[in-house]
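Since the structure comes first, as structure tokens, the remarks are kept for the end.
Remember, predicted model here, so these are calculated numbers, not experimental data. Labels below follow one simple rule: chain letters A, B, ... track the order of the sequence lines, proteins then strands, and each chain is numbered from 1.
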Protein chains: 2
Amino acid sequence: MPHSDDLTARARIRDAALAEFGTQGIAGATIRGIAKRAGVSPALVQHHFGTKEGLRAACDDHVLEYYRSTTETAFERGHISDSSFLAKIYDSSQPVLDYLARALVDGTPAAATVFDEMVNLTERYFADRPGLADARTRAIVYTSMRLGGLVLHQHVARLLDVESITDAGPQLGRATLDVVSPDILPDGVADQIRKALDNYEKEEDR
Amino acid sequence: MPHSDDLTARARIRDAALAEFGTQGIAGATIRGIAKRAGVSPALVQHHFGTKEGLRAACDDHVLEYYRSTTETAFERGHISDSSFLAKIYDSSQPVLDYLARALVDGTPAAATVFDEMVNLTERYFADRPGLADARTRAIVYTSMRLGGLVLHQHVARLLDVESITDAGPQLGRATLDVVSPDILPDGVADQIRKALDNYEKEEDR
DNA sequence: CAGCATGCTGTACGTATGTATAGGCTGCTC
DNA sequence: GAGCAGCCTATACATACGTACAGCATGCTG
């Protein structure tokens, strides 16, 4: 599905850029490398996006819009349970995930925005659970922890001996449930997620 | 204390490299930039470390040795409670932390080793707690989560409005206690950490 | 004091990279 | 069919980078 030939060249370049930025880092990626991956000339990259920075900004826009649309549909369907929402993110295409992980470390504006909005969502979602720290700090720590698995995906995948962490979704979901305190989740959500994980695996077995 | 003039030029170059690699990324850092930061000529960098890759390897070695020595002293003192151990890591000098965070994402050998060893330690430390996932996967997820706060330190610091996350140690510690399930920690450890945090703050107030 | 190793610098070279420019091909409009 | 706009390429250029090399000062050794 990804990288199909029926995409416009512009879209193919953007996808290639996401992948290259994601795997090589923003500084490490090159226009020529991106062009090669997209199967076009380096000059076409410049034609569509102007400069490397412009291309990176376009990637930022794309990831941000992707993030916004997924959270929005999650909201519409009413089940903005934090986990299903984050599951959406993990269902993103690999290039988008790789880029987001890198962007969070390289400090692009979109990554900062995604982080901030996730913190805001989490803070609201967790409501007023009692704890040692204030709700805001807890939301920040929780978000950094959940995204940690994304940013460090290569190590998680390596130790689990899978190609991509998306190949170990339920396993990771269960372990996450073990690690995260049920006290900070709204009542009943933990059970809800447990059931969802079971159903997911049943469907996969068919 | 860091970056003092009484260090050998070789050590100053290494520290400068840690900082540059950490802030700019490995591909983004340049020999010239490192030399400038260290206050030496670019040629001296080459004289001491040969190539950029050699310099990076030296940084890897340094971080790995730093990590090993801190975990070792923690072992010797008998309190290899995971948290105090991770607190040690967070007490590392800023350049070392920055480098480690980048190295985990850029995928250097030392970073992979640190990750693996932390997983092993965590797995042993958590012993045989019951849970949905196996102990190994839980250790992997837990480690990725804890290191997530390190790798994403810039966003955590930004939202907490502090210069460095080391300026918010107890606050982050408390929030972490809120987020992490007490069930996976050995009995009594949560209380232990709580007390340690209180003592730490008392000492700081003096 | 001659010889030499060590730490350090200045300069130079080849290459890769971002970017600018000129031009070609296709398909549409009048 | 002439003209033109959009998509695309080939070539060229300036810069920054990693690296090689020759040389200078200092201090130690015989």
* Asked: Can you name the residues that form a side chain to side chain contact (heavy atoms under 4.5 Å, CB included) with A11(A), not counting sequence neighbours?
  -> L7(A), T8(A), R14(A)
* A35(B): side chain to side chain contact (heavy atoms under 4.5 Å, CB included) partners, not counting sequence neighbours -> V40(B), P42(B), V45(B)
* Interatomic distance, R32(B) CZ vs dC13(C) C1' [rounded to whole Å] -> 11 Å
* Residues in salt bridge (Lys or Arg N to Asp or Glu O under 4.0 Å) contact with D116(B), at least two apart in sequence or another chain -> R158(A)
Pairwise N/O distances under 3.5 Å, protein to nucleotides 9-11 of chain C:
from: dT9(C); atom 1: OP2; to: S41(B); atom 2: N; distance (Å): 3.0
from: dT9(C); atom 1: OP2; to: S41(B); atom 2: OG; distance (Å): 3.0

* Asked: What are the 5'-most and 3'-most nucleotides of DNA chain D lying under 4.0 Å from any heavy atom of chain B?
  -> dC17(D) to dA20(D)
* Nearest heavy-atom pair of L104(A) and Q154(B): which atoms, and what distance? -> O-NE2, 3.3 Å
* Would you mind listing every side-chain hydrogen bond (donor to acceptor under 3.5 Å, both in side chains) that reaches into residues 21-36 of chain A, with sequence neighbours excluded? => none
* State which residues pass salt bridge (Lys or Arg N to Asp or Glu O under 4.0 Å) with R102(A); sequence neighbours excluded, sorted by chain then number. => D106(B)
* **Counterpart residues, side chain to side chain contact (heavy atoms under 4.5 Å, CB included), relative to A110(A) (two or more places apart)** => D60(A), L64(A), T108(A)
* E117(B): what forms a side chain to side chain contact (heavy atoms under 4.5 Å, CB included) with it, not counting sequence neighbours? -> Y67(B), R68(B), T113(B)
* Asked: With sequence neighbours excluded, what pairs up with D98(B) under the salt bridge (Lys or Arg N to Asp or Glu O under 4.0 Å) test?
  -> none
* A29(B) near the nucleic acid: base, sugar-phosphate alone, or nothing, with a heavy-atom cut-off under 4.0 Å? -> sugar-phosphate
* R10(B) near the nucleic acid: base, sugar-phosphate alone, or nothing, with a heavy-atom cut-off under 4.0 Å? -> nothing
* Looking at residues 49-61 of chain A, who's got a heavy atom less than 4.0 Å off DNA chain D? -> none
* **Non-neighbouring partners of F115(A) that pass ring pair (Phe, Tyr, Trp, His ring centres under 6.0 Å), sequence neighbours left out** => H155(B)
